[in-house]
Amino acid sequence: MSKGSRIMHRVFVYGTLKRDEPNYYVLQKCDYGHAEYVGRAVTCDKYPLVVATRYNIPFLLSKCGTGKNVEGELFDVDDSMLASLDKLEGCPSWYSRLSIPIVLTTDGHDNRLEVPVRQNVQVYLLENYKKELLDRVMLTDYSSKGQHNLPYDSAWYVRVEEWGLIHTVINSIVICYYYLC
């Protein structure tokens with residue numbers, strides 16, 4: 001997974017970082033590093049993917065074996081882009097970036113693979129959360145305009161240019177302190 005002398009990291013995205021979603025621009029912005037779309041994928045294990053807070057943020061909870069096999073997209077990213085994603089996701093303060101097994105189901109042009117490819121990739125999981133989140137509707141695939149009728153509200157953060165990277169500034173201390181009230 002290297003491109004030239006650049007070390008690449010394979011990252012599974014399931015929410016607002018997917019193509020055609022509100023934060024996809026981060027993966028497209030060269031100032032943040034390099035990202036290349038690999039294809040669609042699904043988690044091998046079940047996880048709870050829920051939409052929560054008054055801002056309707058998608059969260060993948062770190063509770064393997066509960067929920068559904070989650071569909072998402074794979075990207076190869078360089079060290080700079082990985083650092084940018086860590087800042088956007090508040091890693092390691094809010095999210096943890098962990099390795100999980102997934103199955104790659106399409107190529108970079110969304111053509112279905114004849115033989116799906118199983119591999120371990122990086123994903124952002126929420127480890128510290130209120131247990132009530134497990135009572136929410138669990139999704140297989142997230143869309144900010146999805147049938148869940150909970151449109152994503154980007155007002156929950158403010159983009160600040162600092163050191164040339166995007167930082168997430170939470171304007172509600174409740175989200176930071178309680179990890180999803």
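Residue numbers count from 1 along this sequence.
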Taking the side chain from S96 and the backbone from L98, do they hold a donor-acceptor pair closer than 3.5 Å? no
How far apart are the closest heavy atoms of R118 and P101, and which atoms are they? NH2-CB, 3.7 Å
Does the T43 side chain pair with the main chain of V70, one donor and one acceptor, at a distance under 3.5 Å? yes
With sequence neighbours left out, write down each residue that passes side-chain hydrogen bond (donor to acceptor under 3.5 Å, both in side chains) with T16, or none if nothing qualifies. N23
For the atom pair CZ (F12) and CD (E73), what is the distance rounded to the nearest 0.5 Å? 9.0 Å
Test side chain to side chain contact (heavy atoms under 4.5 Å, CB included) on D141 and R40 and set out the steps. CA-CA 11 Å; D141 191 14; R40 294 201 44 82; 3.7 Å; yes
How long is the straight-line distance from CG of D76 back to CG of L27, given to the nearest 0.5 Å? 11.5 Å
Does L88 belong to the same Ile/Leu/Val/Met/Phe/Trp/Tyr cluster as Y37, with side-chain heavy atoms less than 4.5 Å apart forming each link? yes
Shortest non-hydrogen pair, L74 vs A41, comes out as CG-CB, 3.9 Å
For the pair Y152 and I57, evaluate side chain to side chain contact (heavy atoms under 4.5 Å, CB included) and give the outcome as yes or no after the intermediate values. CA-CA 6 Å; Y152 176 75; I57 301 168; 4.2 Å; yes
For G33 and M81, the nearest pair of non-hydrogen atoms, with its separation, is O-CE, 3.5 Å
Evaluate the criterion side chain to side chain contact (heavy atoms under 4.5 Å, CB included) for residue pair V123 and Y47; output intermediate values, then yes/no. CA-CA 12 Å; V123 66; Y47 287 92; over 6 Å; no
Contacts satisfying side chain to side chain donor-acceptor pair (under 3.5 Å) that involve residues 58-72 (not counting sequence neighbours) are none
Return the minimal non-hydrogen interatomic distance between H148 and Y142, and the atom names on each side. NE2-CE1, 3.8 Å
Is there a side chain to side chain contact (heavy atoms under 4.5 Å, CB included) between I102 and R10? Walk through the geometry before answering. CA-CA 11 Å; I102 57 88; R10 194 152 279 185; over 6 Å; no
Check V117 against L113 and note the closest heavy-atom contact, atom names and distance. CG2-CD1, 4.2 Å
Point-to-point distance, once rounded to the nearest 0.5 Å, from CG of L126 to CG of L61: 6.0 Å
Return the set of residues passing ring-ring contact (aromatic ring centres under 6.0 Å, His included) with Y14 (not counting sequence neighbours), or none when no residue passes. none
So, does S84 use its side chain to make a donor-acceptor pair with the main chain of S80 at under 3.5 Å? yes
Taking all atoms of both residues into account, what is the closest heavy-atom pair of M138 and G67, and its distance? SD-CA, 3.3 Å
Is there a path from I100 to F75 through hydrophobic residues (I, L, V, M, F, W, Y) whose side chains come within less than 4.5 Å of each other? yes
Is there a path of hydrophobic side-chain contacts, each under 4.5 Å between heavy atoms of I/L/V/M/F/W/Y residues, joining Y124 to Y55? yes
Between C64 and K46, is any pair of side-chain heavy atoms under 4.5 Å apart? no
Separation between CZ of F59 and OG1 of T53, rounded to the nearest 0.5 Å: 5.0 Å
Under the salt bridge (Lys or Arg N to Asp or Glu O under 4.0 Å) rule, collect the residues that match up with D45, sequence neighbours excluded. none
For the pair Y95 and D86, evaluate side chain to side chain donor-acceptor pair (under 3.5 Å) and give the outcome as yes or no after the intermediate values. CA-CA 8 Å; Y95 282 97; D86 282 352; over 6 Å; no
Do E21 side-chain atoms and S144 backbone N/O form a donor-acceptor pair below 3.5 Å? yes
For D110, check salt bridge (Lys or Arg N to Asp or Glu O under 4.0 Å) against everything at least two apart and list the hits. R19
Under the side-chain hydrogen bond (donor to acceptor under 3.5 Å, both in side chains) rule, collect the residues that match up with N111, sequence neighbours excluded. D107
The reported gap from CD in E89 to CH2 in W94 (rounded to nearest 0.5 angstrom) is 10.5 Å
Report, as yes or no, whether the 6.0 Å neighbourhood of atom CD on Q147 holds more than 12 heavy atoms from other residues, nucleotides or ligands. no
Distance in Å, Q28 CD paired with Y24 OH, rounded so as to fall on 0.5 Å steps: 4.0 Å
